[in-house]
There are 4 protein chains.
Amino acid sequence: MKEHVKDKKTAIMGAALKLFTERGFHGTSTAQISKNAGVATGTLFNYFPTKEDLINSLYFEVKGNLGHSMGVGLEAETTFQDKLKRIWSNLVNWGVNNQEEFLFVGQFCSSPYITKFTRDEVMKEYVFLHNFVDEGIKTGEVRDFPAELVIAMFYQGSREVVNLILDSDSSLDKNKIIADGFQILWRGLAKV
Amino acid sequence: MKEHVKDKKTAIMGAALKLFTERGFHGTSTAQISKNAGVATGTLFNYFPTKEDLINSLYFEVKGNLGHSMGVGLEAETTFQDKLKRIWSNLVNWGVNNQEEFLFVGQFCSSPYITKFTRDEVMKEYVFLHNFVDEGIKTGEVRDFPAELVIAMFYQGSREVVNLILDSDSSLDKNKIIADGFQILWRGLAKV
Amino acid sequence: MKEHVKDKKTAIMGAALKLFTERGFHGTSTAQISKNAGVATGTLFNYFPTKEDLINSLYFEVKGNLGHSMGVGLEAETTFQDKLKRIWSNLVNWGVNNQEEFLFVGQFCSSPYITKFTRDEVMKEYVFLHNFVDEGIKTGEVRDFPAELVIAMFYQGSREVVNLILDSDSSLDKNKIIADGFQILWRGLAKV
Amino acid sequence: MKEHVKDKKTAIMGAALKLFTERGFHGTSTAQISKNAGVATGTLFNYFPTKEDLINSLYFEVKGNLGHSMGVGLEAETTFQDKLKRIWSNLVNWGVNNQEEFLFVGQFCSSPYITKFTRDEVMKEYVFLHNFVDEGIKTGEVRDFPAELVIAMFYQGSREVVNLILDSDSSLDKNKIIADGFQILWRGLAKV
DNA sequence: AATGAATGAGGCTTCATTCAT
DNA sequence: GATGAATGAAGCCTCATTCAT
């Protein structure tokens, strides 16, 4: 029974993810979402009181998921550079392997439909990245730039690499771009 | 007479710029735009047959404007690095001085409401940036990375710097961030 | 349950019939129809995706209904003349007893809002009249005129009789006009 | 100058005739009429204070024109039958030679946009037809049917003949249909 | 008389949400 | 919980008409 319930909820979120990404928030009707999810129009509102609740739940889940992926396998790395590189490739690979989620996050990260509450809640997953970079600056591995600047260029840099890989016109090798991108950043950031 | 006409059109585009940026395309009604522009609902449609025509005209104008600004004062610079730095600060300063335009472009550059035609038309302004970077790679000023990657990191990097400057929480010095940002990139890109 | 549904649909079609006939297609707003039918504005579109779909459904139903009525009781008649007379009075009586439908058909039979598809679909009901007249000409009951001409004069003749009967100014006896009208036609058409 | 004025007015009425017939009253915008007439939107309202005024003027002119044509050459005929036949072919030929006017009259003769005033005004042209038929009944040339019935079948009969001739699918000879149609009617109406 | 930009009421249709089954 | 018909506010766009030039 619990399974059954989860099925419908998952189906709704899946359909919403796809449609919101393709057509935007107002461009997608709850009826379309229900239809794509294979449930009745009323059912959606059993799980999400409001269309905005739905997109906020979705954003929370997807961005949280990204936050988790970011840190996977970090303990296996020893040097600061290797750890940072691992985070970098985790970010890029998540985007490449979860294309819809990647586009969704990019599109709605600064959307007015995502409440400040959701945004703040999600940020908690990213504290560790801030701490990690701060640490790097303190220990001198990274040159003395404002931490926000470093994080922003790092995070958006990884997104650009994903875009390049996903861009069907481009025939570049995935792993090479990941490595090249990191090299640019690391040479730019590292001391010496 | 021509002035009068231009007034209304300009007022509509101005209101649309602000509202589209704040609330998205579907989140903004043509009635709101007309009201904010101080014209009747019907007047908007005298100038733009369709809401989509309006946003496309707007995008064309705004992004074209950005394209122009990018190259201003370039002839005063001599070295490749100085030229690139000038482009960088042109980009950042345009964003800081044209906040609404900056956010608008960021939000709608990959929106489905902007037609391929508009996008292609606008791209023409950016050919010179591609050529410039290609040249830099060929002459060895820039290390041998894929040009797309370099351009993407450069362009998006400049956008991140603008975001940081505009971010009211941040109390960082504008010129320092511009310089720091460029330094990170240049060290990452330049040969030796 | 089914009843309830049918109620609303029927109410909408009834209101549409009356209003379209009185004020024309563009002269009638969907809001007026909904209001007259006692349903919400949106409800109309649950049953008819489009205003044009509504008028086409209506035309199909009404003209089909007329087609059916035309042949009622035909088997009770023996001679060709009696059969034709029965069709004649069926046509007239249908018009007199279904005034709104009668006017509706007259007004929209050559309207651009009725699609060719609807028109063709409806025509199927009238094939039998064509065959019947053809037969009459072949057996010599009817003089050798083009069948189209005969049918047109017959069908439109019946319509004129209805108009005369409905015309409130006229104080003529209904059955007499029906008989007179048929007499004129029959004397005009019959051999000898 | 007077010519010039008449030119614009005529152009407007011509465009209106065509468009009203093709797309109906509400289906045609005054802007479309102006455009087709080659004048500015405002100009139309210099001649016709209202869209309804325009269609009423048009109806008055067109139907009056038909009324006139009906009686042309009547004095050349001697017998009642020949005179009636002349009216019949005048009616048919007017319709065939003035297709747009013919359709316009058919479409708007019972339209709510034509005021009772216009309708009555126009009727004056048709008094003579009534008198003519009355006379025929009184002298015994025509059998004793209600005059309204005779006129209705006569007038609508002529319209059906026009429809048949204009119907491109039909390959019937024009003059034969005119003669056949009259024969049907005359045999139906005439004493003996 | 001629023009056409401006107006704003009104038309068709969509859609988030409710609720009786 | 699940369903889907019903609702009516709100959205995009049209259009008859006015009026300053």
Side-chain angles (χ1 to χ4, degrees), chain A residues 1-2 4-5 7-9 25-35 38-54, chain B residues 1-2 4-5 7-9 25-35 38-54, chain C residues 1-2 4-5 7-9 25-35 38-54, chain D residues 1-2 4-5 7-9 25-35 38-54:
Chain A
M1 192 156 42
K2 200 69 174 290
H4 196 228
V5 163
D7 268 7
K8 302 230 177 214
K9 190 169 180 180
F25 181 72
H26 274 111
T28 304
S29 70
T30 55
Q32 277 167 52
I33 297 171
S34 302
K35 195 172 183 183
V39 302
T41 61
T43 304
L44 187 154
F45 292 90
N46 286 151
Y47 295 100
F48 308 96
T50 272
K51 197 185 176 186
E52 295 217 347
D53 280 314
L54 168 55
Chain B
M1 188 156 41
K2 203 70 172 291
H4 198 228
V5 162
D7 270 5
K8 304 232 177 216
K9 192 171 180 179
F25 181 72
H26 275 114
T28 304
S29 71
T30 54
Q32 280 166 44
I33 296 171
S34 302
K35 197 170 183 180
V39 302
T41 61
T43 303
L44 188 155
F45 295 94
N46 284 157
Y47 294 99
F48 307 97
T50 278
K51 198 186 178 186
E52 294 215 350
D53 279 312
L54 169 54
Chain C
M1 189 158 39
K2 203 69 172 291
H4 198 230
V5 163
D7 270 5
K8 304 232 176 215
K9 191 170 181 179
F25 181 72
H26 274 115
T28 304
S29 71
T30 56
Q32 278 165 46
I33 297 172
S34 302
K35 197 171 185 180
V39 302
T41 60
T43 304
L44 189 154
F45 293 94
N46 283 156
Y47 294 99
F48 307 97
T50 276
K51 198 186 178 187
E52 294 215 349
D53 279 312
L54 169 55
Chain D
M1 192 157 40
K2 198 72 173 290
H4 197 229
V5 162
D7 269 7
K8 302 232 176 210
K9 190 169 181 179
F25 181 71
H26 275 110
T28 304
S29 70
T30 55
Q32 276 166 54
I33 297 171
S34 301
K35 194 171 184 182
V39 303
T41 62
T43 304
L44 187 154
F45 293 91
N46 285 151
Y47 295 100
F48 308 96
T50 273
K51 195 185 178 188
E52 294 216 347
D53 280 313
L54 167 56

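Below, chains carry the letters A, B, ... as their sequence lines are ordered, and counting in each starts from 1. Predicted, not measured: the structure shown is a model, and the values here were computed from it.
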Using modelled atom types only, decide if a donor and an acceptor are shared between the side chain of Ser29(D) and the backbone of Gln32(D) within a distance under 3.5 Å.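 Checking the backbone N and O of Gln32(D) against the side chain of Ser29(D), a donor-acceptor pair under 3.5 Å is found.
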
Between [atom2] of [N] and [atom1] of [X], the distance in whole Å:
X        : N       : atom1 : atom2 : value
Leu44(B) : dC12(F) : CG    : P     : 10 Å
Tyr47(B) : dC13(F) : OH    : C1'   : 17 Å
Phe48(A) : dG1(F)  : CZ    : C1'   : 15 Å
Lys35(A) : dT3(F)  : NZ    : P     : 15 Å
Ile33(D) : dC15(F) : CD1   : P     : 11 Å

Counting only side-chain N and O atoms of Lys9(A), is one of them less than 4.0 Å from OP1 or OP2 of dA2(F)?
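For dA2(F), OP1/OP2 do not have a side-chain N/O of Lys9(A) under 4.0 Å.
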
Taking dA6(E), dT3(F), dA5(F) as options, the one with an atom nearest any side-chain atom of Thr43(B) is dA6(E)

### Task
Please list, chain by chain and in numerical order, all residues satisfying side-chain contact (heavy atoms from CB on, under 4.5 Å) with Thr30(C), sequence neighbours excluded.
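Checked Thr30(C) against side-chain contact (heavy atoms from CB on, under 4.5 Å); matches are Leu44(C), Phe45(C), Lys51(C).
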
Protein-proximity profile, nucleotides 11-17 of chain E, B/S/- by nucleotide at the 4.0 Å heavy-atom cutoff, equals SSBBSBB

To the nearest 0.5 Å, atom NZ of Lys9(A) lies from atom CG of Leu54(A) at 10.0 Å

Please give the angle, rounded to 10 degrees, between the axes at the start and the end of the helix from dA2(E)-dT21(F) to dT21(E)-dA2(F), where five pairs define each axis.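 Rounded value for the end-axis angle: 0°.
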
- Message: Applying side-chain contact (heavy atoms from CB on, under 4.5 Å) to Phe25(B) and Glu52(B), what does each step give before you reach the verdict?
- Response: CA-CA 9 Å; Phe25(B) 181 72; Glu52(B) 294 215 350; 3.9 Å; yes

